[in-house]
Amino acid sequence: MAESSPPLRVVGAPDRQSDWESVYQEHVAPLYRYVYSRTGNTPDAEDVTSTTFLRALPRLRSDVSPGEIGAYLRTTARSVLADVWRQRHGTVLMEFDEQRDAAAPAEPERDVDVSPILDGLPENYRSVLEFRFLRGYSIRETAAAMGVSVANAKVLQLRALRRAAATGVRDVEG
Amino acid sequence: MSKADRRLTRFVNALIANRRPPRSPAGDDSAAMQVATRLRAAHPGGSTPSPAFVDNLARQLREAPAHDPDWTEAGIRRRRFLVGGLAALAASVAGGVALDRVTEALTEPASGGGTIQPYISTWVAVATLAEVTPGKIKQFSAGGIQGVLFTLDGKIRGLSAVCTHQGCTLIPQAAQNRLVCPCHPMSFNLTGAANPGDYRLNPLPAIETRVNLDNVEVRVPNWT
């Protein structure tokens with residue numbers, strides 16, 4: 001897709017990340033994954049990723065390393081996310097651990113590990129969260145799978161979330 | 001169910017339907033919302049961007065105006081988007097033109113004017129017909145565009161209300177048929193051309209308009 005835009009070479013910075021499209025192609029999927037893990041839905045993940053690139057790319061210097069670019073993009077994404085949450089929910093939902101983010105390698109390919117959230121919950125709480133969030137079951141399907149009433153499943157999922165929130169959140173890695 | 005229960009339920013339902021959660025105060029449930037978000041984000045298959053999204057964003061970035069105001073800052077090399085009409089310039093840069101000359105070429109006025117044509121656009125109603133009768137200038141802000149609507153030669157027209165000099169928002173003066181810049185002694189007439197003055201400025205871009213029932217709609221970026 002880069003045929004139409006010849007690489008921009010700035011005098012004195014011969015080869016490092018001189019073509020913005022290659023910067024984009026290298027970083028778009030990792031950044032999207034990072035944002036998605038903090039939004040949990042496609043529309044928000046796409047908006048935040050777009051805004052982040054539109055804001056950050058023109059400010060990047062040509063002579064920084066890919067690792068620095070990744071860190072700068074994540075920092076920008078965090079501030080975009082914080083704006084979204086403040087506007088929508090009156091608070092910033094996630095406490096960002098900037099030091100851990102900065103120390104993290106260029107964003108590992110692994111899926112998010114949620115066992116710290118689920119471990120230690122009572123069995124029925126863990127089940128309702130697995131059915132609903134990890135498998136995407138409807139409330140009705142969840143109720144059927146668990147052998148409880150629909151009303152019961154509705155209440156159970158809220159209690160499970162609040163219990164997990166009260167115990168495990170701080171241990172979850174980003 | 002309590003009010004907080006219903007709020008958290010709506011939040012959960014949106015996530016599981018892959019929609020953005022509705023606007024509502026987090027109350028005491030901000031940590032529970034965080035847990036819900038993390039859990040949903042861990043479901044298999046959600047965390048890869050769609051190819052269509054990746055391509056569209058690349059196109060947007062390619063067409064994004066270069067806007068780094070610090071471009072000329074001494075001693076700092078900055079990358080710069082070169083888009084569309086500047087392709088020839090890009091080629092000369094690739095050939096090794098000195099940085100100062102590039103700066104000069106990029107900061108020279110482009111041809112300007114024309115009609116704002118967002119890559120992904122939508123029609124948004126920004127005024128009623130009654131607000132755009134002859135002798136009035138209606139201001140609007142939609143999809144990231146600051147503009148004005150008015151009638152000229154019996155037709156409804158739209159113009160950007162951002163000064164092409166340094167980006168100040170122009171002030172409509174309907175009685176004089178002009179838009180005045182608050183920052184410098186400059187004004188634009190309703191064709192979008194800059195009135196003669198201290199600076200030579202590019203004309204204001206036009207904005208497409210249409211009438212839909214009693215409303216006047218403008219074509220603006222679809223950016224929500």
Side-chain angles (χ1 to χ4, degrees), chain A residues 1 4-13 18 20-21 24 28-29 32-33 36-47 49-50 53-54 57-63 88-91 93-94 111-114 117 129 132-136 154 157-158 161-162 164-166 168-169 172, chain B residues 1 5 8-9 12 14-26 29-44 46-50 53-55 57-58 60-62 64 66-68 76-83 87 90-91 93-94 96-99 102 224:
Chain A
M1 62 185 293
S4 61
S5 61
L8 168 56
R9 180 170 302 171
V10 175
V11 177
S18 54
W20 73 265
E21 289 219 3
Y24 169 72
V28 62
Y32 183 92
R33 201 156 41 240
Y36 184 83
S37 74
R38 284 155 175 76
T39 55
N41 71 90
T42 306
D44 277 342
E46 292 189 346
D47 279 359
T49 304
S50 297
F53 272 106
L54 284 163
L57 261 190
R59 298 172 182 210
L60 287 174
R61 289 170 27 193
S62 58
D63 55 356
R88 194 180 289 164
H89 305 299
T91 179
L93 282 191
M94 307 258 176
D111 285 332
V112 184
D113 180 14
V114 291
I117 296 180
L129 295 181
R132 285 291 274 153
F133 291 93
L134 301 185
R135 300 194 199 179
K154 276 185 191 169
Q157 67 171 357
L158 301 186
L161 284 175
R162 287 179 180 138
V169 173
V172 182
Chain B
M1 275 197 162
D5 286 352
L8 186 55
T9 302
V12 166
L15 283 185
I16 290 171
N18 199 23
R19 286 185 277 112
R20 60 181 106 235
R23 181 185 285 258
S24 74
D29 276 330
S30 110
M33 288 157 95
Q34 175 179 348
V35 168
T37 302
R38 295 272 173 161
L39 282 172
R40 188 53 187 162
H43 87 280
S47 65
T48 308
S50 81
F53 167 74
V54 171
D55 287 352
L57 179 53
Q60 261 180 17
L61 290 167
R62 206 173 294 138
H67 58 70
D68 186 343
I76 295 184
R77 291 187 303 269
R78 283 169 190 277
R79 297 179 337 104
R80 184 88 169 182
F81 289 151
L82 298 171
V83 296
V93 175
V97 177
L99 192 58
V102 178
T224 54

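Order of the sequence lines fixes the chain letters, A, B, ..., with proteins taken first and strands second; residue numbering starts at 1 for each chain. In what follows, every heavy atom counts, from backbone to side chain, and hydrogens, waters and symmetry copies are set aside.
With sequence neighbours left out, A:Y36 forms a ring-ring contact (aromatic ring centres under 6.0 Å, His included) with no residue at all. For B:D5, the side chain to side chain contact (heavy atoms under 4.5 Å, CB included) partners are A:L158, A:R162, B:M1, B:S2, not counting sequence neighbours.
In this structure the side chain of B:S24 reaches within 4.5 angstrom of the side chain of A:H89, judged on heavy atoms. Side-chain contact between B:T48 and A:Y32: absent, with no pair of heavy atoms (C-beta onward) separated by less than 4.5 Å. Looking at B:P25 and A:T91, their side chains never come closer than 4.5 Å, going by heavy atoms from C-beta outward. Between B:D29 and A:L161 the shortest side-chain heavy-atom distance does not fall below 4.5 Å.
Note that the OH atom of A:Y24 and the CG atom of B:L57 stand 3.5 Å from one another [nearest 0.5 Å]. A:I117 CD1 to B:Q34 CD: the interatomic distance, rounded to the nearest 0.5 Å, is 8.0 Å. The structure places OG1 of B:T9 at 6.0 Å from CD of A:Q157, a figure rounded to the nearest 0.5 Å. The CG atom of A:L134 lies 8.5 Å from the CZ atom of B:R40; values are rounded to the nearest 0.5 Å. Expressed to the nearest 0.5 Å, how far OG1 of A:T42 lies from CZ of B:F53 amounts to 10.0 Å. The line from CZ of A:R132 to CG of B:L15 is 10.0 Å long, rounded to the nearest 0.5 Å.
Residue A:S37 comes nearest to B:A41 through the heavy atom pair CA-CB, 3.5 Å, listed as atom of the first residue, atom of the second, then distance. The two residues A:A29 and B:P49 have their closest heavy-atom pair at CA-CG, 4.0 Å. Heavy atoms only, all atoms of each residue included: A:A165 and B:A32 are closest at CB-N, 3.4 Å.
Proximity to chain A (any heavy atom under 4.5 Å) is shown, for B:P21, by both the backbone and the side chain. When heavy atoms are compared at a cutoff of 4.5 Å, B:L39 approaches chain A by way of both its backbone and its side chain.
With B:R20 as the fixed residue, the side chain to side chain donor-acceptor pair (under 3.5 Å) test singles out one of A:D47, A:T39, A:N41: A:D47.
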